[in-house]
Amino acid sequence: MKGLVFNVAEEVVTDNYGADVWDSLLDSANVDGAYTSLGNYDDEEILAIVTAAASLLEETVDETWRILGRKMLPLFASRIEETIAEFDGAESLLRAVNSIIHPNVKVLYPDAAPPIFEFKDTDSGLLVRYISARGLAALAEGLIIGCGDFYNEVVDLERLDPDSPNDCRFIVSFPKVRHYST
């Protein structure tokens, strides 16, 4: 796993719960915690941190990944602002993940191994297939919902394969834009 993922996870935790909580998670996970954005780290380290966070939050590990992914998306987007500026909404960003986002990630991090997404329009919405040996479908769910948050849009997501973290499908729809009164 790229160190960038650890860095963004740390930012989410410290922004929402404080630096002491991040340090506590590192202690609970029995990991060093010194991550450089360009470094490569064992996937088990991020899993140990998320498992410690799940215990602290009294959530499942999958739900913790979803929460983390949702909050991570804007932070990832801030690191590739020029690329993100090309998109007008959550659906266009999501559809570009393989063709634009991940290739840009590979330019910055040549040894990165991002997941593969497949897309198919259906009567029910956009069928999104997530494929990755890492088995982080719940993180993908959170990132997809985070796309909606980033663009101030509602994103509805139904996971069709709840027991398959490596190769699963979602039905995603974009029913409307959120409107907030000021």
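These numbers come from the heavy atoms of this one structure, side chains and all, not from hydrogens, waters or symmetry mates. Predicted, not measured: the structure shown is a model, and the values here were computed from it.
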Exercise. Please report the shortest heavy-atom distance between Arg159 and Pro165, naming the atom on each side.
Key: NH2-CA, 3.7 Å

Quiz item: Is there side-chain contact between Ile49 and Leu26, with at least one heavy-atom pair below 4.5 Å?
Solution: yes

Self-check item: Connected via hydrophobic side-chain network under 4.5 Å: Val97 and Ile131
Solution: no

Quiz item: What are the two closest heavy atoms between Leu93 and Tyr151, and how far apart are they?
Solution: CD2-CE1, 3.8 Å

Self-check item: Thr36 to Asn7 - nearest heavy-atom pair and separation
Solution: C-OD1, 3.8 Å

Exercise. Tell me whether Trp65 is reachable from Ile145 by hopping between hydrophobic residues (I, L, V, M, F, W, Y) whose side-chain heavy atoms are closer than 4.5 Å.
Key: yes

Self-check item: Over all atoms of both residues, closest heavy-atom pair of Leu139 and Met72
Solution: CD1-SD, 4.0 Å

Exercise. Look only at the side chain of Ser24 and the backbone of Asp20, and say whether a donor-acceptor pair between them is shorter than 3.5 Å.
Key: no

Quiz item: In terms of hydrophobic clusters joined by side-chain contacts under 4.5 Å, are Ile171 and Ile144 together?
Solution: no

Exercise. Before giving the answer on side chain to side chain contact (heavy atoms under 4.5 Å, CB included), spell out for Leu73 and Cys147 the whole-Å C-alpha distance, their side-chain angles and the decisive distance to 0.1 Å.
Key: CA-CA 7 Å; Leu73 189 281; Cys147 283; 4.1 Å; yes

Quiz item: For atom CD of Glu86, is the number of surrounding heavy atoms from other residues, nucleotides or ligands below 6.0 Å larger than 12?
Solution: yes

Practice problem: Start with the C-alpha distance between Leu126 and Phe119, add both sets of side-chain angles, then the distance that settles side chain to side chain contact (heavy atoms under 4.5 Å, CB included), and finish with yes or no. | Solution: CA-CA 7 Å; Leu126 181 63; Phe119 305 98; 3.9 Å; yes

Quiz item: Going by heavy atoms in the side chains, are Leu127 and Arg169 under 4.5 Å from each other?
Solution: yes

Exercise. Work out which heavy atom in Lys2 is nearest to a heavy atom in Ser37; give both atom names and the distance.
Key: CE-O, 4.2 Å

Exercise. Could you check if a side-chain atom of Leu47 sits within less than 4.5 angstrom of a side-chain atom of Asp43, using non-hydrogen atoms only?
Key: no

Quiz item: Within the distance-only criterion (no hydrogens, no angle test), does the side chain of Tyr130 pair as donor or acceptor with the backbone N or O of Leu136 below 3.5 angstrom?
Solution: yes

Quiz item: Between Lys120 (side chain) and Val128 (backbone), is there a donor-acceptor pair under 3.5 Å?
Solution: no

Practice problem: Measure from the side-chain N and O atoms of Thr122 to the backbone N and O of Ser124, and report whether any donor-acceptor pair falls under 3.5 Å. | Solution: yes

Quiz item: Transitively linked via ILVMFWY side-chain contacts under 4.5 Å: Leu56 with Val13?
Solution: yes

Self-check item: Under 3.5 Å: donor-acceptor pair, side chain of Asp42, backbone of Glu44
Solution: yes

Self-check item: SB check Arg95 Asp121 (cutoff 4.0 Å)
Solution: yes

Exercise. For Arg129, enumerate each residue passing the salt bridge (charged side-chain N to carboxylate O under 4.0 Å, His left out) test, keeping only those at least two apart in sequence or located in another chain.
Key: Glu118, Asp167

Quiz item: If only atom types and distance count, is the side chain of Asn166 paired as donor or acceptor with the main-chain N or O of Ala133 below 3.5 Å?
Solution: yes

Practice problem: Take Leu68 and Val50 through the test side chain to side chain contact (heavy atoms under 4.5 Å, CB included) and record every step on the way to the result. | Solution: CA-CA 9 Å; Leu68 187 61; Val50 170; 3.9 Å; yes

Quiz item: Does the Glu153 side chain pair with the main chain of Ala90, one donor and one acceptor, at a distance under 3.5 Å?
Solution: yes

Quiz item: When you measure from the side chain of Ser92 to the backbone N and O of Gly89, does any donor-acceptor pair fall under 3.5 Å?
Solution: yes

Exercise. Indicate yes or no for a side-chain donor-acceptor contact from Asp62 to the backbone of Ala138 under 3.5 Å, with no hydrogens or angles considered.
Key: no

Quiz prompt | Closest contact, heavy atoms only, Asp156 versus Pro175 | solution = OD2-CG, 3.3 Å

Exercise. Describe, in one word, how the ring planes of Phe6 and Tyr35 are oriented to each other, choosing from parallel (under 30°), tilted (30 to 60°) and perpendicular (over 60°).
Key: parallel

Self-check item: Candidate pair Phe76 and Val8, rule side chain to side chain contact (heavy atoms under 4.5 Å, CB included), full reasoning
Solution: CA-CA 7 Å; Phe76 282 135; Val8 172; 3.7 Å; yes

Quiz item: Should Arg70 and Leu143 count as side-chain neighbours, where that means a heavy-atom distance under 4.5 Å?
Solution: no

Quiz item: Could you give the distance from OG1 (Thr14) to CH2 (Trp22), rounded to the nearest 0.5 Å?
Solution: 8.5 Å

Quiz item: Do Val155 and Leu160 belong to the same hydrophobic cluster, where Ile, Leu, Val, Met, Phe, Trp and Tyr are linked whenever their side-chain heavy atoms lie under 4.5 Å apart, directly or via other members?
Solution: no

Quiz prompt | Point-to-point distance, once rounded to the nearest 0.5 Å, from OG of Ser173 to CD of Glu91 | solution = 9.5 Å

Quiz item: Are any of the side-chain heavy atoms of Leu94 and Phe174 separated by less than 4.5 Å?
Solution: yes

Quiz item: Ignoring hydrogens and geometry, is there a side-chain-to-backbone donor-acceptor pair from Ser78 to Leu75 under 3.5 Å?
Solution: yes

